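Below, each value reflects all heavy atoms present in this structure, side chains not excepted, and no hydrogens, waters or symmetry copies. What you see is a predicted model, and the numbers here were worked out from it, not measured in a lab. Letters go in sequence order (proteins before strands), and every chain restarts at 1.
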Number of protein chains: 2
Amino acid sequence: MECWSFPPRYDDAYAPPPDQPHWFPERETMDPAERDALILERLREVCAYALERAPFYRRKWGEFDPRTDLRSLEDFERLPVIEKDELRADQAEHPPFGSYTCIAPEDVVRVHGTSGTTGRPTAFGIGRDDWRAIANAHARIMWSMGIRPSDTVFIGSVFSLYMGSWATLSGTERLGAAAFPFGAGVAGQSQRAVNWMAQMKPDAFYGTPSYALRLAEIAAEEGLDPRDFGIRILFFSGEPGASIPSIRARIEELYGGKVFDCGSMAEMTPWMNLGESSAQAGMLCWQDVVYTEVCDPETNRRLPFGSEGTPVYTHLERTSQPMIRLQSGDLTRWESGPTPCGRTYPVLPRGIYGRIDDMFTIRGENVYPAAIDEVLSALPGYGGEHRILISREETMDKLAVRAEHTADADADAFRSRAQEALRTTLGVSTAVVAVPPNTFERTEFKARRVLDERALFHETVGA
Amino acid sequence: MECWSFPPRYDDAYAPPPDQPHWFPERETMDPAERDALILERLREVCAYALERAPFYRRKWGEFDPRTDLRSLEDFERLPVIEKDELRADQAEHPPFGSYTCIAPEDVVRVHGTSGTTGRPTAFGIGRDDWRAIANAHARIMWSMGIRPSDTVFIGSVFSLYMGSWATLSGTERLGAAAFPFGAGVAGQSQRAVNWMAQMKPDAFYGTPSYALRLAEIAAEEGLDPRDFGIRILFFSGEPGASIPSIRARIEELYGGKVFDCGSMAEMTPWMNLGESSAQAGMLCWQDVVYTEVCDPETNRRLPFGSEGTPVYTHLERTSQPMIRLQSGDLTRWESGPTPCGRTYPVLPRGIYGRIDDMFTIRGENVYPAAIDEVLSALPGYGGEHRILISREETMDKLAVRAEHTADADADAFRSRAQEALRTTLGVSTAVVAVPPNTFERTEFKARRVLDERALFHETVGA
């Protein structure tokens with residue numbers, strides 16, 4: 001039952017006893033060096049499989065032959081990374097699923113896609129075996145958070161193109177828990193969501209952190225206390241919030257449950273390949289499902305543990321559209337395991353805390369929007385939303401933050417507290433404007449908070 | 001493989017050859033008298049099962065003993081019907097799923113519910129075996145429309161509480177076709193839907209008729225022709241439109257595919273128990289899945305074929321929350337089979353065309369909103385939406401219709417054509433006001449078109 005092979009051969013009837021902490025004890029707690037040796041074997045199999053079926057990889061890799069040229073994980077790092085634009089371009093040229101697809105179109109059983117509003121979206125075509133493998137991987141990782149077959153999982157995120165909802169549902173089904181796929185995004189749905197949670201008392205909640213905060217506000221408006229929902233486990237993806245200590249603490253306080261972060265990229269589904277365990281020690285890299293290398297963004301070579309870099313992902317169990325060295329553009333720091341849960345995977349103690357490209361530089365200092373969120377969320381009197389404005393006066397970058405205060409806070413006191421805290425943490429002076437509660441629209445999806453006007457400045461003055 | 005038992009024992013690996021028109025030839029084409037004898041057997045089993053597990057049915061049925069008191073289908077008609085309010089009240093008293101639930105809460109694997117915005121919603125708690133049986137039934141009925149494993153099914157309806165989307169998805173999965181569960185209801189999603197259909201060219205579409213019409217309008221705005229989507233089969237539930245000849249003709253003309261109507265009630269899932277086959281001869285009552293009796297709304301006794309009445313439904317394959325004689329409140333006329341597809345089920349040639357309680361009476365004439373929709377949709381120059389206003393001046397009921405004309409139509413000519421056509425068909429004079437195109441909001445869900453001000457009049461003058 002605890003097989004590890006490519007293609008994967010999961011036993012869909014297997015379930016560990018409820019009191020067993022690890023779904024697959026051997027795969028999860030093995031010696032990392034031994035795991036690396038097996039990963040290398042898998043990589044050879046996946047590369048050979050992709051070369052045989054996917055013109056995309058043949059074009060990309062030239063003379064590379066995994067049988068002779070893949071003798072170490074360092075050899076693997078020589079393979080070029082894939083950027084998302086390449087997938088989009090390839091799919092436009094080879095519709096509907098792209099020449100990196102390794103199964104026939106008629107073997108696709110699920111179609112999803114990216115939800116971007118600009119440019120051509122990318123379609124995901126997933127085969128039956130893949131869909132089963134995804135469900136098995138997600139069930140295993142949700143198990144590690146503490147979800148059990150007797151639980152009810154409330155899925156409070158939109159069911160459309162967004163892979164987050166669908167793959168959480170598949171994991172819930174495979175784990176044998178009850179799924180309550182409620183969705184999000186439709187007018188009036190948030191009010192209904194809190195009333196249903198009050199009535200059904202789910203054991204676990206999935207969504208985005210900002211939506212969980214929004215639902216808590218709506219619950220209060222409806223005269224409900226989220227603590228009465230009885231939710232034990234809240235797990236999140238789609239935003240960095242769940243790994244930001246102040247936001248995590250706020251959600252845990254509001255709901256009285258434990259918060260877990262997870263999620264890499266839709267293309268990498270099973271995207272819970274980055275997923276936190278009951279130890280709450282940061283997201284683990286479930287390397288036997290998806291092989292993660294945290295790399296130097298310039299060279300795309302692996303960095304030693306302790307370093308900050310960008311994750312590069314490789315599927316070890318996908319057969320329809322296997323991604324081999326997909327560059328995420330995300331930003332993280334990784335450490336070696338084991339974590340207190342006994343798993344020997346590498347770990348991302350602070351989760352994914354930025355994008356290579358949404359980090360901005362103010363007067364020479366690197367600033368991450370997530371850091372601003374973190375500072376504000378830790379401040380008493382903070383009303384829950386803010387917007388970041390970057391502008392340029394003459395040649396001087398200016399950073400301004402408009403932040404809501406709570407109804408009962410002194411706006412002036414909050415403003416100066418926030419200004420001081422941001423200056424201290426970011427190392428750059430920040431102009432804070434305190435605005436009344438509920439000034440900014442709440443989102444049911446990923447919050448977009450940064451407005452950078454310097455590009456406009458460049459365009460205007462040609463600087 | 002072609003079993004028929006209670007509880008059901010489906011073989012999830014079974015699939016007919018693609019060129020076989022019937023999924024289960026024996027069950028679908030058997031002699032109706034022979035089927036009725038087997039239905040009686042099933043009814044005895046289902047009643048005994050429910051009596052043993054559900055206090056709700058013990059209270060409701062008193063001394064009734066299916067072993068001795070259920071010797072004919074006429075005996076069955078003596079059982080009292082269930083009204084939806086009873087389910088709501090029972091669930092409030094016995095949370096979370098009601099005392100009519102026959103499985104333990106921990107055996108529930110799917111939670112859904114009614115989406116009503118007023119009053120306490122009703123929760124559906126569905127067990128694993130039930131969910132599989134639903135998938136099998138829906139796969140079989142979708143097969144009868146002509147959907148095959150090589151097809152892609154685009155599901156363009158909201159994934160939340162609405163059972164329509166979820167049970168269509170389960171049927172698609174079981175049939176082995178590719179599911180593209182796109183959803184609906186989120187801002188901007190309709191534009192994305194038509195662009196994805198243009199890109200992916202699905203073989204089948206599921207949604208509501210009014211949303212299909214709306215999508216065709218949006219496609220035109222985006223410079224797309226829905227005929228280029230290549231959709232062969234469009235199947236609908238949630239509204240009567242797909243059984244209204246003029247609306248069906250309009251959708252078939254716009255998309256160049258065939259239209260099929262299906263759907264009873266969320267509580268009756270597999271709600272495709274009313275479902276049209278490739279013969280397009282009206283919805284069949286798939287009596288071996290759900291036993292339908294078209295009844296006199298006063299006595300709840302079965303009416304002979306050829307009569308108009310209200311469907312009363314009984315689950316023959318559900319084990320979690322079996323409904324036994326659930327009154328629909330819908331209005332239909334039934335006929336005996338067989339239909340040209342060779343199935344021997346009773347058939348509803350005009351589908352569900354009204355509600356007992358949304359039929360309104362104007363000066364002694366019964367009027368159905370669906371009839372007005374039908375008349376307008378058949379008129380040249382009709383812009384696609386309308387609203388119905390019923391009011392009272394002194395003691396005289398007035399019927400007015402505000403109907404959109406097309407951009408190129410002469411508003412006056414359309415107005416008098418519509419007025420004449422409505423008077424002829426309804427038998428009551430109708431004041432028509434022609435309004436410009438796109439006056440009325442389009443819905444992605446069930447269109448609500450009737451405004452009855454007489455109740456207000458009653459309240460105001462105490463009449």
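Contact annotation for A/Phe154: neither backbone nor side-chain heavy atoms come within less than 4.5 Å of a heavy atom of chain B.
Enclosure of atom CZ in A/Arg128 is not indicated, since only 12 or fewer non-hydrogen atoms of other residues, nucleotides or ligands lie within 6.0 angstrom.
Residues B/Pro96 and A/Met200 come closest through the heavy atom pair CB-CE, 3.7 Å.
Relative ring orientation between A/Trp166 and B/Phe159 is described as perpendicular, the plane-to-plane angle rising above 60° on a 0-90° scale split at 30° and 60°.
Taking chain A as the reference chain and counting heavy-atom pairs below 4.5 Å, the highest number among B/Trp196, B/Trp131, B/Phe182, B/Phe97 is found for B/Trp196. Each of A/Pro202, A/Ala123, A/Gly183 has some count of heavy-atom pairs under 4.5 Å with chain B, and the biggest count is that of A/Ala123.
Two residues are said to be in side-chain contact when any heavy atoms from C-beta on lie closer than 4.5 Å; B/Ser160 and A/Arg192 fail this criterion.
Against chain A, the residues from residues 102-112 of chain B that qualify, each with a non-hydrogen atom under 4.5 angstrom away, are B/Val108, B/Val109, B/Arg110, B/Val111, B/His112 in number order. Residues of residues 167-181 of chain A lying under 4.5 angstrom from chain B, judged on non-hydrogen atoms, are A/Leu169, A/Glu173, A/Gly176, A/Ala177, A/Ala178, A/Ala179, A/Phe180, A/Pro181 by number.
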